[in-house]
There are 2 protein chains.
Amino acid sequence: MNDRKQHVIKMAHQLFTDKGFQNTSIQDILDYSGISKGTFYNYFSSKNELLITLIKTIYKQLEQDRNELLIGQDPSDIDVFIKQIELHLNTNRANKLISLFEEVLILNDADLKQFIKQGQMRILHWLFLRFIDIFGENKRPCLLDCAIMFMGILHQNLKYQAIVPESNASINQIVRYSVERIMKMVEEVSQSGDQLIPPELLDHWLPDSKNPGPAFQQQLYHTVLTLKKQIKNNNEESKYLDLLDFVQEELLNSKEPRKFLVESALLSLKGCEPSFEQEILQNLERLVAVFFSQIEETS
Amino acid sequence: MNDRKQHVIKMAHQLFTDKGFQNTSIQDILDYSGISKGTFYNYFSSKNELLITLIKTIYKQLEQDRNELLIGQDPSDIDVFIKQIELHLNTNRANKLISLFEEVLILNDADLKQFIKQGQMRILHWLFLRFIDIFGENKRPCLLDCAIMFMGILHQNLKYQAIVPESNASINQIVRYSVERIMKMVEEVSQSGDQLIPPELLDHWLPDSKNPGPAFQQQLYHTVLTLKKQIKNNNEESKYLDLLDFVQEELLNSKEPRKFLVESALLSLKGCEPSFEQEILQNLERLVAVFFSQIEETS
DNA sequence: TGGATGTTATACAGGCAGTACAACAAACAA
DNA sequence: TTGTTTGTTGTACTGCCTGTATAACATCCA
């Protein structure tokens with residue numbers, strides 16, 4: 001990435017943590033980082049896209065650091081787990097990521113929402129896998145529930161601890177307290193046999209990068225179908241049908257999907273706007289974007 | 001409140017739940033409710049103020065309904081508690097309050113933030129008092145922590161349940177599951193003796209409780225509850241229970257509370273002095289006095 | 001009948017996001 | 001060297017938003 005672009009991201013990050021995302025105007029970013037409007041829109045299509053790249057860089061680093069803590073250690077060692085959680089929390093706090101996340105979830109930007117939700121899903125997935133390390137494969141059925149509840153317990157404890165006037169508890173204490181609770185809870189839940197969400201559902205939520213998950217397949221299939229129905233009356237019917245088929249085929253069954261071809265196809269489809277409902281076409285675009293972002297992450 | 005103003009609030013509420021708070025412009029509200037800009041700014045100083053009054057009306061109703069569920073019931077009955085929680089969640093869902101809340105917490109409006117945070121504190125406080133009802137005074141030291149964690153568990157379970165494709169779990173199941181967990185957890189935590197936040201801090205967070213309103217309601221209801229427990233062994237038990245219920249009902253839900261009746265009831269209660277802890281009864285008297293002094297002030 | 005109060009319509013100032021475009025700068029190839 | 005490409009700048013513009021101001025109109029009540 002460009003040095004200059006990097007610099008803009010850094011300055012924007014500072015502004016976001018100082019004044020909040022919403023409360024930072026693009027003009028602020030321009031002034032603060034000393035670039036012109038034209039350049040900004042050359043780098044990013046919007047403030048949201050800037051935020052996405054910002055969060056991506058932070059989290060890529062975090063996941064790497066977090067996994068390094070595990071190298072050469074016993075994965076069932078609870079102290080290692082606690083260290084990893086603390087790393088998470090400290091990163092979050094240092095970058096004020098939580099408030100940024102919350103802020104973003106409000107915005108009516110589908111892309112951004114999708115992106116954040118996937119990030120949370122990845123954390124949940126990681127937590128689930130670590131719980132299996134720690135508590136054992138035989139407790140698997142209840143461990144997704146427990147991972148979900150652990151996030152709730154931890155966040156809530158942190159939130160109210162922050163309000164306490166003279167906060168006498170360190171992050172370490174809160175994490176240890178929360179971990180203590182979840183350890184007992186895992187025992188209790190696994191004995192009771194209760195289950196809210198079977199862990200298999202994780203695969204639906206978190207499409208395997210190279211092998212798109214069934215949920216993704218279904219969504220794509222459904223979207224394409226809806227679009228196909230809408231072009232019934234068009235005179236260039238077959239052309240658009242072929243384009244849609246191509247996109248679907250390339251995403252689902254090609255080993256190395258060619259991004260440029262798919263995007264070109266989308267562009268052509270857009271050219272026939274009146275035939276399509278705007279919303280559905282945007283859905284397709286979103287799906288394609290999600291698909292390729294996952295490809296690029298893993299490579 | 002003005003009928004017209006009420007109507008504006010109603011229309012705005014609909015727009016907010018449909019399109020989100022941020023995404024609804026004042027112009028939208030003007031068009032949708034058919035008033036002019038001048039009138040709007042005559043009613044409210046800003047969109048934020050409108051939101052505050054909106055949330056206030058909803059929550060006033062909710063707290064009343066929620067407390068009514070308890071009248072004449074055993075306060076330690078877990079099923080009553082579950083019903084109250086469900087009422088909360090259903091109201092939240094029906095009004096899309098949660099997203100509104102989250103949305104608001106972002107905005108850089110200090111008033112609004114304060115208002116919402118106090119609302120959350122009130123819920124937490126209520127939860128804490130209910131936990132004392134349910135689990136007993138002797139577990140008090142850990143019950144604020146448990147109330148906090150219960151909120152985390154419940155919200156997180158709901159959040160991820162909502163993502164499940166074919167949500168086969170009802171709200172009732174989720175609440176029951178969460179309550180089951182917290183019950184076991186209370187036992188565990190109270191035995192371990194761990195504590196994160198001492199319950200005394202609640203008083204620091206909450207605004208002064210002298211002024212009536214929701215805080216007053218909670219105090220009243222809790223005082224009455226404590227008294228009820230103390231008369232368990234009395235031979236004229238039912239009579240005193242009825243008296244207490246009457247006082248609570250008259251203060252909270254009557255449009256024109258009859259002072260003479262309430263005071264007569266207090267006198268009768270005093271007649272059975274040995275059964276009551278002096279201090280608690282005086283609390284009740286003080287609350288009643290405060291209540292009527294406020295009534296007389298405003299009339 | 002006349003004043004108080006509430007309401008409307010409209011114009012206006014100031015701020016924001018995003019687009020468009022002409023002019024400039026630096027790198028690079030022939 | 002010259003011409004081209006590519007990135008950058010500054011500025012102007014559209015369109016949407018909030019919040020203020022005000023003249024004209026409506027309604028109620030004494």
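Below, chain A is the first sequence line, B the second, and so on; all start at residue 1.
Between Lys60(A) and Thr57(A) the shortest side-chain heavy-atom distance does not fall below 4.5 Å. Side-chain contact check for Ile35(A) versus His7(A): every heavy-atom pair is 4.5 Å or farther apart. At a threshold of 4.5 Å between non-hydrogen side-chain atoms, the residues Leu127(B) and Ile148(B) do not count as touching. Residues Gln120(B) and Met151(B) have side chains not in contact (no heavy-atom distance under 4.5 Å, counting atoms from C-beta outward).
The OH atom of Tyr43(B) lies 8.0 Å from the NZ atom of Lys5(B); values are rounded to the nearest 0.5 Å. A distance of 13.5 Å separates NZ of Lys47(A) from CD1 of Ile52(A), quoted to the nearest 0.5 Å. The structure places CD of Gln6(A) at 8.5 Å from OG1 of Thr53(A), a figure rounded to the nearest 0.5 Å. Residue Lys37(A) holds its NZ atom at 6.0 Å from CD of Gln27(A), rounded to the nearest 0.5 Å.
Look at Arg4(B) and you won't find any side-chain N or O under 4.0 angstrom from OP1 or OP2 of dG6(C).
In this structure, Lys96(A) forms no cation-pi arrangement with Phe16(A), as its terminal cationic atom is not both closer than 6.0 Å to the ring centre and no more than 45° off the ring axis.
As a whole-Å value, the separation of Leu30(A) CG from dG15(C) C1' is 14 Å. In this structure, CZ of Phe21(B) is placed 15 Å from P of dC17(D), rounded to the nearest angstrom. Summarising the geometry, the separation between NZ on Lys47(B) and C1' on dG19(D) is reported as 13 Å, rounded to the nearest angstrom. Between Gln27(A) atom CD and dA17(C) atom P the separation is 8 Å, expressed in whole Å. Whole-Å rounding puts the Gln22(B) CD to dC16(C) P distance at 15 Å. dT18(D) atom C1' lies 15 Å from atom CD of Glu49(B), rounded to whole Å. Taking atom CG of residue Asp31(B) and atom P of nucleotide dC17(D), one finds them 10 Å apart after rounding to whole Å. Atom C1' of nucleotide dT18(D) and atom CG of Asn23(B) are separated by 15 Å, given to the nearest angstrom.
A donor-acceptor pair under 3.5 Å links the side-chain atoms of Thr17(B) to the main chain of His13(B), judged by distance alone.
Residues from residues 35-44 of chain A with heavy atoms under 4.0 angstrom of DNA chain C, sorted by number: Lys37(A), Tyr41(A). Listed by residue number, there are no residues of residues 10-17 of chain A with a heavy-atom contact under 4.0 Å to DNA chain C.
The rotation axes computed at either terminus of the helix from dT1(C)-dA30(D) to dA30(C)-dT1(D) lie 10° apart, taking five pairs at each end and rounding to 10 degrees.
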query = Please walk me through it: do Leu201(A) and Tyr160(B) pass side-chain contact (heavy atoms from CB on, under 4.5 Å)?
reply = CA-CA 11 Å; Leu201(A) 283 178; Tyr160(B) 284 97; over 6 Å; no

